[in-house]
Amino acid sequence: MKTIRKRYAGIIRAATVGVSVILQVVFLYLMAVLLKEYSSWFYILLEIVSVLVVFSMLDEGETYKNSWIIIILLLPVFGFCLYFMWGRNRRNSRTYKRVREVYEKSRHFRKQDKKIIERFKEEHPNKALISQRLINEGFMLYDNTKVTYYDVGEKKFEALYEDLKRAQKFIFLEYFIVNDGEVWSRIKDILARKVKEHVEVRFLYDDFGCLNINTPEFREELAALGIRFSVFSPIHKEATRLTFNYRNHQKIAIIDGNVGYTGGINLSDEYANIIERFGHWKDTAVRLEGSGVWGLTTIFLEMWEISKGYENLDYSRYMPTVQIEAKGFVQPLADGPANNPNNPIWDTYMHMIDKARDYIYFTTPYLVLDREMVNDLCRAAKSGVDVRIITPRKYDKWYVYMVTVKNYGVLLQNGVKIYEYVPGFIHSKTVVSDDECAICGSINMDYRSFYLHYEGGVFMSDTEAVTDIKEDILNTLKVCEEITIDKWKKRPFRQKMIQYILRIFSPML
């Protein structure tokens with residue numbers, strides 16, 4: 001009964017925000033109609049401004065704004081008003097200023113060992129520019145970090161439970177989705193015990209991703225257990241600007257600063273295949289142990305301060321206290337809308353594609369790419385690089401799947417190989433190249449991850465996890481169906497029309 005009430009509470013909150021958004025659209029449309037009828041001179045002025053705005057967007061070269069350009073040109077005044085409210089990148093807003101202040105503070109706690117950079121350049125000269133770009137953005141390169149790769153969610157959770165039980169000083173959790181069930185129940189019980197043992201527990205979750213569970217009762221329970229929590233970007237506070245579209249999609253767990261997790265796995269039972277949604281749920285994660293955990297810890301602390309708005313933490317209290325020896329390099333990275341149009345994660349993916357010599361493999365639940373990345377993938381394939389992308393056969397969002405399938409065409413025509421995961425839904429977000437480097441994180445290959453969401457992951461080189469990711473992808477291919485260009489062309493006409501229309505609005509999906 002309690003679960004049902006929570007579910008309805010989330011639906012009501014989402015519906016309220018949805019109605020608010022619809023009313024805003026209706027108001028803007030009526031305003032545009034009235035202006036055209038009664039203030040034609042002002043309407044013409046706004047049409048001229050609309051065209052100038054389109055030229056300014058073209059000059060900025062932000063390809064993810066192409067859909068806004070189309071909307072403004074088709075509906076000059078109405079489209080301009082929508083863009084003014086929802087589409088602008090508010091780089092000078094108070095929120096973004098706060099984000100940049102936190103980013104700058106975090107940089108002071110990240111110190112790069114130049115000897116590690118020199119070793120990386122010597123051992124991986126072809127991939128050195130990828131790492132250097134991230135270093136320039138404040139994401140340090142670490143050695144002496146053991147990396148464990150988990151090819152399914154259930155393996156990650158079993159390891160996480162044990163690490164949480166061993167916590168002695170602090171636990172940080174940051175997740176996009178949390179749902180009632182066995183996974184959350186076990187974690188909550190462990191956290192409650194740890195609080196009694198005087199372990200500091202901080203829990204950051206996204207409001208939109210947690211609509212089903214983020215009720216007053218849920219927050220009261222967390223407070224009663226002694227768990228410090230923060231709700232990222234409550235949707236009802238952002239409805240008038242649509243910045244509620246900018247979600248915290250990161251998945252991070254930190255234990256005592258010495259162990260850290262990230263990947264695509266949320267705190268919900270389907271991620272451990274305890275319940276079934278869309279068939280077998282295929283997802284992945286990595287566990288770091290050693291100096292590289294500090295990169296993940298600072299990313300969490302950034303997001304905590306951004307979410308709280310007022311809390312000023314001393315990051316140095318949470319540094320690693322255990323040193324280990326391990327082969328290879330790791331580089332935790334993060335991104336968010338405040339970086340637009342210079343997005344480190346997008347740049348890293350582009351660098352990996354450009355630098356691939358033998359192969360580059362991707363897994364992603366969504367394939368909604370800008371023209372630049374499509375061109376790079378095609379160029380790599382036409383140059384002889386083995387480019388493979390795995391997407392789901394069973395999808396969670398039909399409209400995104402429609403655009404994903406639409407995007408197959410140009411890729412297939414240029415030699416990129418596309419595979420669909422037949423047993424169920426692949427939510428894994430990984431990329432691996434040339435047996436040298438890989439990324440595992442929360443990053444989908446779509447506009448949302450590259451431009452709208454706060455994302456995170458780990459770029460790694462010369463670790464066993466790189467080989468493990470490659471082997472996992474090759475094993476996954478055995479239960480996938482390859483999509484051929486002939487099969488793609490035989491899609492029903494109705495499906496083609498829907499995909500064509502949705503493709504125009506793909507950056508908003």
Side-chain angles (χ1 to χ4, degrees), residues 3-4 6-7 10-11 14 150-158 175-185 205-206 208-213 247 249-251 263-285 361-369 388-408 418-431 440-449 453 455 469 472-473 475-483 487-488 491-492 495 498-499 502 506 509:
T3 302
I4 294 174
K6 287 182 179 180
R7 185 178 297 116
I11 292 172
Y150 302 103
D151 59 353
V152 287
E154 40 268 52
K155 293 181 182 178
K156 181 250 185 169
F157 283 122
E158 288 306 318
Y175 285 90
F176 177 59
I177 293 173
V178 182
N179 278 321
D180 267 330
E182 182 180 324
V183 168
W184 172 239
S185 179
Y205 60 91
D206 185 88
F208 186 80
C210 296
L211 276 176
N212 288 339
I213 200 171
R247 307 316 315 171
H249 197 241
Q250 296 173 3
K251 293 94 176 169
I265 300 168
N266 286 296
L267 304 185
S268 190
D269 285 359
E270 64 268 29
Y271 290 84
N273 288 294
I274 295 170
I275 62 173
E276 183 175 316
R277 290 187 68 207
F278 321 116
H280 180 264
W281 196 288
K282 166 71 173 167
D283 215 330
T284 57
Y361 301 153
F362 303 88
T363 64
T364 179
Y366 316 117
L367 190 65
V368 186
L369 308 175
R388 306 187 193 189
I389 304 173
I390 301 177
T391 64
R393 168 62 54 84
K394 298 179 182 179
Y395 47 84
D396 63 338
K397 301 178 180 70
W398 71 268
Y399 47 91
V400 182
Y401 178 72
M402 287 289 103
V403 178
T404 292
V405 173
K406 170 66 177 172
N407 285 333
Y408 291 169
I418 307 289
Y419 302 83
E420 288 188 346
Y421 181 66
V422 175
F425 184 59
I426 188 164
H427 192 255
S428 167
K429 306 103 166 26
T430 57
V431 52
C440 179
S442 66
I443 309 150
N444 299 317
M445 293 182 71
D446 65 1
Y447 285 93
R448 285 188 174 277
S449 281
H453 284 170
E455 302 284 2
I469 291 172
D472 180 37
I473 291 177
N475 287 331
T476 302
L477 287 171
K478 297 174 183 177
V479 292
C480 291
E481 179 183 344
E482 184 172 2
I483 306 300
K487 181 177 181 179
W488 181 81
R491 295 167 358 264
Q495 187 182 101
I498 293 172
Q499 290 170 348
L502 288 174
S506 56
L509 297 179

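Note that these values count all heavy atoms, side chains included, but never hydrogens, waters or copies made by symmetry.
Note that CD1 of Ile389 and CD1 of Ile473 are 11.0 Å apart. Values are rounded to the nearest 0.5 Å. Going from atom CZ of Phe362 over to atom OG1 of Thr430 covers 9.5 Å, rounded to the nearest 0.5 Å. Rounding to the nearest 0.5 Å gives a distance of 6.0 Å between SG of Cys480 and CD1 of Ile426. Taken to the nearest 0.5 Å, the CD1 atom of Ile213 stands 11.5 Å off from the CD1 atom of Ile177. Here Ile469 contributes atom CD1 and Thr363 contributes atom OG1; the two are 8.5 Å apart, rounded to the nearest 0.5 Å. Remark: Asn407 CG to Thr391 OG1 distance equals 10.5 Å, nearest 0.5 Å.
Between the side chain of Ser442 and the backbone N or O of Glu455 there is no donor-acceptor pair closer than 3.5 Å. The closest donor-acceptor contact from the side chain of Asp269 to the backbone of Glu182 lies under 3.5 Å. Side-chain atoms of Trp488 come within 3.5 Å of backbone atoms of Val405 as a donor-acceptor pair (strictly under, hydrogens ignored). Put simply, the side chain of Thr404 gets close to the backbone of Leu367: a donor and an acceptor are under 3.5 Å apart. When atom types are taken as modelled, the side chain of Thr364 and the backbone of Met445 share a donor-acceptor pair closer than 3.5 angstrom. Between the Glu482 side chain and the Tyr419 main chain, no donor and acceptor come within less than 3.5 Å of each other. No donor-acceptor pair under 3.5 Å is formed between the side chain of His249 and the backbone N or O of Ser449. Counting only distance, with no hydrogens or angles, the side chain of His427 and the backbone of Trp281 share no donor-acceptor pair below 3.5 Å.
A salt bridge links Glu481 to Lys487: at least one charged side-chain nitrogen sits closer than 4.0 Å to a carboxylate oxygen. With respect to Asp472 and Lys282, a salt bridge is recorded, a charged nitrogen being found less than 4.0 Å from a carboxylate O.
Annotation: side chain of Leu267 is in contact with side chain of Phe157 (closest heavy-atom distance under 4.5 Å). Looking only at side-chain heavy atoms (C-beta outward), Trp398 and Ile498 come within less than 4.5 Å of each other. Taking 4.5 Å as the limit, some side-chain heavy atom of Glu420 sits within range of a side-chain heavy atom of Tyr408. Ile483 is listed as a side-chain neighbour of Arg393, based on a closest heavy-atom distance under 4.5 Å. Looking at Pro365 and Lys429, their side chains come closer than 4.5 Å, going by heavy atoms from C-beta outward. Between Asp180 and Asn212 the shortest side-chain heavy-atom distance does not fall below 4.5 Å.
Heavy atoms from other residues, nucleotides or ligands lying under 6.0 Å from NZ of Lys155 number 12 at most.
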Glu270 vs Asn179, side chain to side chain contact (heavy atoms under 4.5 Å, CB included): CA-CA, chis, key distance, verdict: CA-CA 10 Å; Glu270 64 268 29; Asn179 278 321; 4.3 Å; yes
Working note: Lys251 + Tyr271, criterion side chain to side chain contact (heavy atoms under 4.5 Å, CB included); need CA distance, chi angles, decisive distance, verdict. CA-CA 13 Å; Lys251 293 94 176 169; Tyr271 290 84; 5.9 Å; no
Under the side chain to side chain contact (heavy atoms under 4.5 Å, CB included) rule, what do Tyr361 and Thr476 come out as? Steps first, then yes or no, please. CA-CA 12 Å; Tyr361 301 153; Thr476 302; over 6 Å; no
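The heavy-atom pair separating Gly264 from Asp283 by the smallest distance is O-OD2, 3.0 Å. Contact record, Gly263 with Cys440: CA-SG, 4.2 Å, taken as the closest heavy-atom pair. Residues Phe176 and Asn266 approach most closely at N-OD1, 3.4 Å, considering heavy atoms.
Of the residues Tyr366, Tyr421, Tyr401, Phe278, the one that meets the ring pair (Phe, Tyr, Trp, His ring centres under 6.0 Å) test with Tyr395 is Tyr401.
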